[in-house]
Every structure is written in structure tokens, then in C-alpha cells.
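Below you'll find the structure, written out as C-alpha cells, and then a few comments.
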Amino acid sequence: MAERDTSFLFSGTSFNRKKFAAVFTRFKEKKGNDVSPRAEPKLVEDATPALQEEEGVKTHYADKKRKRKAVDSDPVEGFSVFKSSKSQKANEDDQQAENAIMLEKKEYYRQLEGDAIFRKKHNIHVSGSNVPSPLRSFAELKSRFSSKSYILRNLAELGFEEPTPIQRQAIPVLLSGRECFACAPTGSGKTFAFVCPILMKLKRASKDGVRAVILCPTRELAAQTARECKKLAKGRKFYIKLMTKQLVKGADFSKLCCDILISTPFRVQFAIRKKKLDLSKVEFLILDESDKLFELGLVKQVDSVVKACSNPSILRSLFSATLPDTVEELARTIMHDAIRVIIGRKNSASESIKQKLVFVGSEEGKLLALHQSFAENKERAKELYNEVKFDDIRAGVIHADLSQVQREDAVNNFRAGKTWVLIATDVIARGMDFKGVNCVVNYDFPDSAAAYIHRIGRSGRAGRSGEAVTLYTEADVPYLRNIANVMAASGCEVPPWIMSLPKLKWKRHRPQREAISTKPVGEDE
Ligand SMILES: Nc1ncnc2c1ncn2[C@@H]1O[C@H](COP(=O)(O)OP(=O)(O)OP(=O)(O)O)[C@@H](O)[C@H]1O
């Protein structure tokens, strides 16, 4: 494939490359990494100017023609035979050059059309200028972008046969040096959609400061992302660092060399302020779960990280399953000519999750069979845990009041199958990839549609099916419609009476809830 880089321009013609060296080099694709015949980053970037230049090329030849005509019209005795053959040759060359341009133009539009059909098939929606072609297969990482073999080997070892839709589009976007807003359903492979191009662009380990930063809203997600990075980098000596509490406490970061630094914004901000962390050489900044990072409480920390990443050629990108317009507007102020990639419908739940609403009347009705259960806050998570821990259910609990070690244990035990039910607050609602979760119970009604989408997204990942049960009480009824809209948009059945409830402008829905307890009121421990 790589061989076809520009040769389609000349197929079927005997173009005099020597004579038209200037024209040839102009249309010959600048050899970058991407050498596929499709509307690749380089090719697209080059193709458009080439098309724009077409007029210029024509004018240039028209000028030459005019000059030749003027010379030809000078009647010089004895030169007529030579003169006429020269002018005919020049005309032929002009014609060949024009044919080459036409061929390139045709090929360019053919590629655009092919890309559009392919995107439609995979539910990929893009906006922005010169959007690179989506990946048809992982093999294109090598044929189009000259990836090193270890990437393909590791992808194969992970058992990935095909790129997911977000990977198909976001990887070429980042590899072509463009910034990206990406919104794709939970569990759809967004992590590798940014890790893969970063590793490919960084090429090899270097001692030149910090080169890429990935920000995640929680420590658990940062730890998981670091693990995923290492899986894809296996076999290479990349220096991938998770900013842990110990690390941030101990080190002086002024000399830190690290290919990819993964952290919560708080820890990076702390390291910048107190530990002389220098981010001026960062080439990639990824904001994962970006809408969460732009929420009050985190946005200031994110802002100071963004400022510290002062390299003018930095590429910043945002990834999330929910990307509200307000976040996009805010982010656009710091991004340059970003490409927007949406998979399916923006802000929608994964279609592989069967979603149900269950009316439980009051708080008392809620203690049901649970799998992974989200409670509204840490107090309620503790209460719920206390209720189920003595039953035969092997339950774990995770919330912000636990120490880091306890939080890690809760996650690890759940991953290892030592606990079967994890009672959690929203602290693990985003990004966490527990492969075995087949059901999420919203024990407490989520406080926003985005929270709902992320919570239920802990099941039904990577194309597996999942189930989500949302318990609601009388107090939650006014907010049902917002969740019902998400359900209906992903093809789940919703009772008509819920769809006819008035739409509420949803702020935060946190009703006063009774304590979770089956003990009769007044009974002490
Ligand atoms: N190309 C692929 N083929 C098969 N599985 C994949 C592929 N890419 C990623 N996965 C797997 O899909 C699962 C979900 O991926 P990931 O955690 O990146 O999802 P996500 O889109 O970031 O979800 P969330 O929005 O919840 O953070 C992971 O277990 C990952 O290993």
C-alpha cells in the first residue's frame, strides 16, 4: 500500500519527471509517517493545498504558454521546423501535468466518499477540517503510520482483532498531529484510542523531561490507565509513571524524566507548586473523563496543569462518554483546530446495556439482590455495606473516606472475584473497567444524566451485554424523565407515562433520604 503513495498520479501516463521536477515534488506527498493512498493526514493536508494550487499551476503554465507563443511568433529564418516541434512538446507536457492534477483530484474525492461510507457504517461522526481517514484495521498502523511492530504484537496479545469505532477515528487524528474532542460510549476503548497514538508519536523512551501527561479524575482510574499504557508499551523501555501519594510526597521533580505521566489533577498541581515539576516539554496532554475534570472543584487544578504545559506545539485532547456543550465551548478556547469525533449519539448510554427502572416506593423497598451498587454518598455506601456484609453476599465497599490502601484493596478484591458485589459511590462511577460486571444497580437514583451514563457503563463493556437497574422512590419521580430520555435514546423501553412527565432543568438531585437499615427504629447496636 505504501508503494502507492503518489504513484496513482502517474499511472497510465509517461510523465517526464525530470523535466517537471518542480511540479512533481509539489504533488509528491511529503514523506511523513502516513503514506497510505487514502485521505491521510499528510495527504489530505497536501491534497487540499494542491487543489487550491491547481489554479496557480494553470496560471503558471498559461504564462509560459504566452511567453512561448510570443517567441514562436517571431519569424526567424531557418528555425521554423525546430520551433514548431518544441511548442508541440511543451503542449503535451502541459496536458500531462493537467491530467495528473485531474487524476489526483478524482482520487481525493473518491477517498472522501469512501471514508464517509465507512464512517457511516461504524457510526462515526466527525467535524473539523481535513479529517484523516479512519483506520480500516490495526494493520494500517504499520502501513499508513509506520508503527513499530511491538504495538501490533501487543494489540494482538490483548486479543484485539479490530479497532473500536473511536479507535478507528481518534488514532489517525492524533497521529496526524491534530487535537481531538472525543465522545464515545462507556466501555468502547477510549483509553487505547489515546494511549496508542501517544506511544507511536513518542517513538522511543527519552530522557528529555516529561513528554506526555494524562489526567484522570480519580486515583483508581489513573492507576488503571497506567496499567493499560504499560500493556501496550510491553517490550519497550518507555518510562510510564503513575503519580502516587508516596511519589508526590517524596521526590523533587525538577529533574523528572518520564515519557508518560498519569495522575489526578490535584497531584500534578501539587507537584508543580511544591516539587518543581516542569511540564514545559509536554507534547501531549490528555484530559480523560474531561467533563468531570471541568467540573467545579477540579477545573482550577486542571487549569494550572494546562498552563504549566507551555510547549507551544503541545497537542491537547479531551475524551469522555459525556461531553456537554458547555465543556466543549470552554475547551475550544484552549484548543487549536480540533477535530470532533462522536461515536453514535453524543451523551448516550452504551447500547449493549439493558436498562430498567424499578419503583420501590420508599427507602425500605430498596434492599434487593445487588451486584454492583451505587449509593449517593459515602455515608449511604457505608450503611448499605453494613446491611449486606453479614448476608451470604461477598460484598466490598469503596468511598472517599477509605485510605488509599483500603480503596485499592476494594478494587483489587472485586477484580479478582474475591468480592462479588461492590458497593460504591460515584468515586468509581467513571472509567473503571471491571470485565465481569454484568449488572449495575443504582441503589440511589443518580444525580445527573451524565452520572447515570457513567455508572451503568461499568457493565456492558467492550461489546459485552450488561444490565442496569435503577431503583426510584416517590422523591425521585420528578427526575425520572431525564434518565428515561437516555434510556429511550439507547433503545430501551420506557413506560409512556414517564415520557410524558415534564422535563426538568436538572441541577443536582439529592433528596433527603432515610438511613439504610432493616433494624427497627430505636434498636441499638
Ligand atoms: N479494539 C479492541 N477490541 C476489543 N476490546 C478492546 C479494544 N480496545 C479496548 N478494548 C477493551 O475494552 C474495554 C473498555 O475499554 P476502555 O476502558 O478504554 O473503555 P472507555 O471507552 O474508556 O470506557 P469509560 O467511558 O467507561 O471510561 C477494556 O477492557 C479494553 O481492554
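As the structure lists them, so they are numbered: ligands from 1, and atoms in each ligand from 1.
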Give yes or no for whether the N/O distance cutoff of 3.5 Å, strictly under, is met between Phe160 and ligand 1. no
Does the N or O separation between Lys190 and ligand 1 drop below 3.5 Å for any pair? yes
With no hydrogens and no angle check, just 3.5 Å: does a side-chain donor-acceptor pair link [X] and [Y]?
X      : Y      : result
Asn413 : Thr419 : no
Ser465 : Lys354 : no
Gln404 : Glu408 : yes

Using a 4.0 Å cutoff against the non-hydrogen atoms of [X], which atoms of ligand 1 qualify?
X      : answer
Ser188 : 19 (O), 20 (P), 21 (O)
Arg458 : 26 (O)
Lys435 : 29 (O)
Gly431 : 24 (P), 26 (O), 27 (O)

Is [X] near ligand 1, meaning one of its heavy atoms is under 4.0 Å from it?
X      : answer
Ala184 : no
Pro185 : yes
Glu289 : yes
Phe138 : yes
Gly187 : yes

Not counting sequence neighbours, list each pair that qualifies as a side chain to side chain donor-acceptor pair (under 3.5 Å) and has a residue in residues 181-195. none
Sorted by first residue and then second, give each side chain to side chain donor-acceptor pair (under 3.5 Å) pair with at least one member in residues 232-249; sequence neighbours left out. Glu157-Lys234
Do the charged groups of [X] and [Y] touch, with an N to O distance under 4.0 Å?
X      : Y      : answer
Asp115 : Arg136 : yes
Asp325 : Lys346 : yes
Glu329 : Arg332 : no

Identify the protein heavy atom lying closest to atom 8 (N) of ligand 1, giving its residue, its atom name and the separation to 0.1 Å. Gln167 NE2, 2.8 Å
What's the shortest distance from atom 12 (O) of ligand 1 to any protein heavy atom, and which residue and atom give it? Ala462 CB, 3.2 Å
Step-by-step salt bridge (Lys or Arg N to Asp or Glu O under 4.0 Å) determination, Glu113 to Arg110: CA-CA 5 Å; Glu113 200 182 342; Arg110 201 181 60 75; over 6 Å; no
Judged on heavy-atom distance to atom 14 (C) of ligand 1, which of Thr225, Ile343, Asp433, Thr322 sits nearest? Asp433
From the options Arg430, His454, Arg461, select the one whose nearest heavy atom is closest to atom 26 (O) of ligand 1. Arg461
Glu161 contact mode with ligand 1 (heavy-atom cut-off under 4.0 Å): neither
Heavy-atom distances under 4.0 Å are what count here, so tell me which part of Glu162 touches ligand 1: side chain, backbone, both or neither. backbone
